[in-house]
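Accompanying notes for the structure given below.
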Amino acid sequence: MKRCFCVISRFIYISAERNKGASLVSNVSRYYSGSAAAKTRSDLRWEESKSSDSQKWSRLEHKGPYFAPEYDPLPDNVPFYYDGRLLKLSPATEEIATFYAKMLDHEYTSKEVFQNNFFTDWREEMTDEERKLIKTLSKCDFSHMHKYFVEKSEERKNMTKEEKQVLKEESSRLMEEYGFCVLDGHREKIGNFKLEPPGLFRGRGEHPKMGKLKKRIQPEHVTINCSQDSKIPEAPAGHRWKRVQHDNTVTWLASWLENIHGRPKYIMLNPSSKLKGEKDWQKYETARQLKVCVNAIRKQYKRDWTSREMKSRQRGVAIYFIDKLALRAGNEKDEESADTVGCCSLRVEHISLHRRLDGLEHVVEFDFLGKDSIRYYNKVPVEKQVFKNLKLFIKHKDPEDDLFDRITTINLNKALNECMPGLTAKVFRTFNASTTLQDQLNKLTTEDMTVEEKILSYNRANRAVAILCNHQRAAPKTFEKSMQILQEKIQKKKEQIEEAKKELKEAKKAHKDAPSDKSKKLVEKKEKLVQRLCEQLKKLQLQETDREENKVIALGTSKLNYLDPRITVAWCKKHNVPIEKIYNKTQRDKFTWAIHMTDENFQF
DNA sequence: GTACTGACTTGAAGGGAATTAA
DNA sequence: TTAATTCCCTTCAAGTCAGTAC
């Protein structure tokens, strides 16, 4: 515990040193003592340090979670038919039926696993009578329910401004009442104060539990965490909490067990809070520490490639992959989830070895499903010794055997921790992502660029990271169409420029033949027009490049989770790019700490 | 060493709000 | 002004990793 506090103090020292004396504390004070805003209690929170690492707060008060609204039964004119016969379902059975009906035009409901899980769970909640009657899902006609919900959704879309305003006000009232807590005297935003409503579980990829019923959370399932001397939140009328505890070594305000996997879920603070901000800062400082010792670590894992011990060799190759390819650690998973892997859980079937491929030597071809069942596909030339080792690791193994059978994420992280305190597999992802951003920004930005060009450079740097981390997204549905429209615009702009140039030439000639004030002004006017059109064309072309390159790449995840925000803040300051052009409101809130503490000289 | 639990971070998707184009 | 498109924000699933018990 003590050690971690020292680490925090050292962060301040390191930052102070690297930022030419601009420590978090002094920087933040300076920022807030400015004229723009009066110093409020919640602003001041950044200046306080905490007493120990295991203790997360001294005082915590909140209103408890907000429960999902009770089920509102369907009007009588929305029928449900079973085997062609009209059935009036009991409210509980009907509610679960509506979950399915709402999803009818989603691909999920066409999957057998989804259907079977849903039907089994649904039948369990039916009355005895209903269960006797309803025996086959395909005989259930949910279409009228479905139609009803489509109409409802249309109605919502077509609401008047006033009606929408009423809803908005109601939602901000809710936010005011339940959305904040008071932590050590500061009002902090809560991340997810609304409990998850009941519904059908939508796992990612080929999840064996897809379609199962996610049950309604009752107060009797919820544990409240707050300080003893605070006003204990009241359970809804007629109910009581499962438990009220006062554990200040954890950061959550409420928890419950979700019924699909039986694992706990929590209500926690928003990323803009001091608690989360400090943790984030600490994460990036750990990654910066790795920078100092990464060369030694790389030397070590290369030595391990020729170790006499198989375990060391496997560990050496695994850490090499984690470092070079930014793979995730790859913990063991149970049978009850989609079959996805990370580094340590790679199987023989996930790699192919090519002595030569596309003119390159010793190429490893990776093809596996990673987190969220996102495919990782990559062909990577590796060192000869790595290639030899991989051949050795797969020898006499079946495709479904573990590639690294002698190591686990636990002992891999233990080994990493011995190299550097606090080092784990995921630190490499943060380190490599942030290093890449810093390098790319340094390489791609020049002073003669316009702000738009600088932003394109930033996006390109960001994209390099997203590619490294394999952050993918589905191509936008209207991508081709919108791209075509943009290209047409560019063409039109080019034609306009041609036309304007021609007019300019004519104006110049006219001015030469018969100079006058009027003809001179016309030339100037035409010159300005050409210039303006050329600028517009350039902007469109930049937009085209950016959009094309971004088709299937998601930039948000790396921006939010892997890129030290101080790199971005410093870059913006150095190159006079308004921070709002890079970070939206949510992102600025999350990175308040970095925006306040960083000057233009910061380098990761 | 390993199975299990708990706490926390990371991640893509979806829907509504905001912005832009027609 | 309306329709189309983009962006933002929320949601909740799915990871990581530490701690504990045996």
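Below, chain A is the first sequence line, B the second, and so on; all start at residue 1.
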Taking the minimum atom-to-atom distance to the side chain of A:Arg156, which one of B:dC8, B:dG16, C:dC8 wins? B:dG16
Report the nucleotide, chosen from C:dC17, B:dT10, C:dA14, that has the shortest atom-to-atom distance to any side-chain atom of A:Ala329. C:dC17
Out of B:dG11, C:dT11, C:dA14, minimum distance to the side chain of A:Lys194 belongs to C:dT11
Can you identify which nucleotide, out of B:dC8, B:dA12, C:dC12, has its nearest atom closest to the A:His471 side chain? B:dA12
Nucleotide of C:dC8, B:dG11, B:dG6 approaching A:Tyr266 most closely (side-chain heavy atoms): B:dG6
Whether A:Glu258 and A:Lys215 form a salt bridge (side-chain N of Lys/Arg under 4.0 Å from carboxylate O of Asp/Glu) is what I want to check. no
Specify whether A:Phe201 and A:His207 have parallel, tilted or perpendicular ring planes, treating 30° as the upper limit for parallel and 60° as the lower limit for perpendicular. perpendicular
Side chain of A:Trp252 (C-beta onward), nearest among B:dT10, B:dC8, B:dG11: B:dC8
Without hydrogens or angle criteria, can the side chains of A:Tyr320 and A:Asp304 be said to hold a donor-acceptor pair below 3.5 Å? no
Just how far, in rounded Å, is P of C:dT16 from CZ of A:Phe428? 15 Å
Given C:dT16, is OP1 or OP2 found less than 4.0 Å from the side-chain N or O atoms of A:Asn331? yes
Please list, in numerical order, the residues of residues 410-420 of chain A that have a heavy atom closer than 4.0 Å to any atom of DNA chain C. A:Asn413
B:dA7 OP1/OP2 closer than 4.0 Å to side-chain N/O of A:Lys265: no
Shortest side-chain distance from A:Lys214, nucleotide among B:dG11, B:dC8, C:dA13: C:dA13
OP1, OP2 of C:dT11 versus side-chain N and O of A:Asn192: anything below 4.0 Å? no
Among the nucleotides B:dA12, C:dC17, B:dA7, whichever has the atom closest to the side chain of A:Lys426 is C:dC17
Quick one: is C:dG15 close enough that its OP1 or OP2 comes under 4.0 Å of any side-chain N or O from A:Thr340? yes
Side-chain N or O of A:Thr424 closer than 4.0 Å to phosphate OP1/OP2 of C:dT16: no
Would you please classify the geometry between the A:Phe368 ring and the A:Phe366 ring as parallel, tilted or perpendicular, with 30° and 60° separating the classes? perpendicular
By the 4.0 Å heavy-atom rule, please label A:Ser255 as base, sugar-phosphate, or nothing. nothing
Give the rounded distance in Å between these two atoms: NE2 of A:His207 and C1' of C:dA13. 8 Å
Please give, in whole Å, the distance from B:dA7 C1' to A:Asn248 CG? 15 Å
Can you tell which of B:dG11, B:dA7, B:dA13 lies closest to the side chain of A:Arg473? B:dA13
According to a strict under-4.0 Å criterion, is A:Arg202 in side-chain N/O contact with OP1 or OP2 of C:dT11? no
Which nucleotide, B:dG11, B:dT9, C:dG15, lies nearest any side-chain atom of A:Lys276? B:dT9
For B:dG14, does either OP1 or OP2 sit under 4.0 Å from a side-chain N or O belonging to A:His106? yes
Please check the phosphate of B:dT10 (OP1 and OP2 only) for any side-chain N or O of A:Arg204 closer than 4.0 Å. no
hbond_proxy A:Lys371 side chain to B:dT10 base (donor-acceptor, 3.5 Å cutoff): yes
When you measure from the side-chain N and O atoms of A:Ser337 to the phosphate of C:dA14, is any distance below 4.0 Å, counting only OP1 and OP2? no
Would you kindly check if the NZ (Lys) or CZ (Arg) of A:Arg588 is within the cone defined by 45 degrees around the ring axis of A:Tyr583 and under 6.0 Å from the six-membered ring centre? no
Minimum heavy-atom distance between A:Ala318 and A:Cys343, given as atom pair plus value: O-SG, 3.6 Å
Earlier contact from the 5' end, DNA chain B, for A:Ala554 and A:Lys168: A:Ala554
Could I get a table of every N or O pair under 3.5 Å where one atom is in the protein and the other is in nucleotides 20-22 of chain B?
residue	atom	partner	partner atom	Å
B:dA21	OP1	A:Lys489	NZ	3.2

Along DNA chain B (nearest heavy atom to each residue), the more 5'-positioned of A:Leu560 and A:Pro264: A:Pro264
Drop me the distance from A:Leu60's CG to A:Glu188's CD, to the nearest 0.5 angstrom. 10.5 Å
